[in-house]
*Asks:* 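Have a look at this one before I ask anything.
Keep in mind it's a predicted model, so treat the numbers as computed, not measured.
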Amino acid sequence: MNGDESLAEAPDLAARLQALMLSAEEIAALTGYSQPAKQVEELRRQGFWRARRNVLGVVVLERAHYEAVCRGQPVDGPRPQLRPPGHSLERAKARGARAETAARTAIPSEGRGAGAPAQSAAPASRDPSSAA
């Protein structure tokens, strides 16, 4: 494929994407916001739970989902489940407890044999009179 062919396909691709997704102008008119974060928040509040931001930060809402919600039809696919309040805090605490346990049961570092006793962090005091 040469460069001329890809340029000729660009309008067709834009038309197909327009048919699949709501345009930025449609989303702004629907939400009343221009900020993508506010747009997604408002779309979800209105029941468009599949609204999201893509890797470029652009709000994406499939036209089929938009039309199904507007008609009151059931939408294909599982609806996301909400986590109970404090869920992420509990998981963070559990991760911290696991990290502490892992640190206590850590494998001995290289240079010591498996049966070698662990060396203390503080050097032992040497008394010249007790040298053997």
*Asks:* According to a hydrophobic-cluster definition based on side-chain heavy atoms being under 4.5 Å apart (Ile, Leu, Val, Met, Phe, Trp, Tyr only), do Leu22 and Val40 belong together?
*Replies:* yes

*Asks:* Could you check whether any side-chain N or O of Arg53 sits under 3.5 Å from a backbone N or O of Pro36, counting only pairs where one atom can act as donor and the other as acceptor?
*Replies:*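 Here the side-chain-to-backbone pair does not exist.
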
*Asks:* Any side-chain heavy-atom pair from Tyr33 and Ile27 closer than 4.5 angstrom?
*Replies:* no

*Asks:* Decide yes or no for Arg52 and Arg44: does some side-chain heavy atom of the first lie under 4.5 Å from some side-chain heavy atom of the second?
*Replies:*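 Result yes, sub-4.5 Å side-chain heavy-atom pair found.
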
*Asks:* What are the two closest non-hydrogen atoms of Arg50 and Leu61, and how far apart are they?
*Replies:* C-CD1, 4.5 Å

*Asks:* Please tell me whether Val69 and Leu43 are part of a single hydrophobic cluster in this structure, the criterion being side-chain heavy atoms less than 4.5 Å apart.
*Replies:*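 As far as the 4.5 Å side-chain criterion goes, Leu43 and Val69 are connected within one cluster.
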
*Asks:* Is a side-chain donor-acceptor pair under 3.5 Å present for Gln46 with Glu42?
*Replies:*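 There is such a pair between these side chains.
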
*Asks:* So do Tyr66 and Leu30 actually touch side chain to side chain, heavy atoms under 4.5 Å?
*Replies:*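 They are in contact (side-chain heavy atoms under 4.5 Å apart), so the answer is yes.
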
*Asks:* Provide the full list of salt bridge (charged side-chain N to carboxylate O under 4.0 Å, His left out) pairs with a residue in residues 20-37, sequence neighbours left out, each pair given once.
*Replies:* Glu26-Arg63

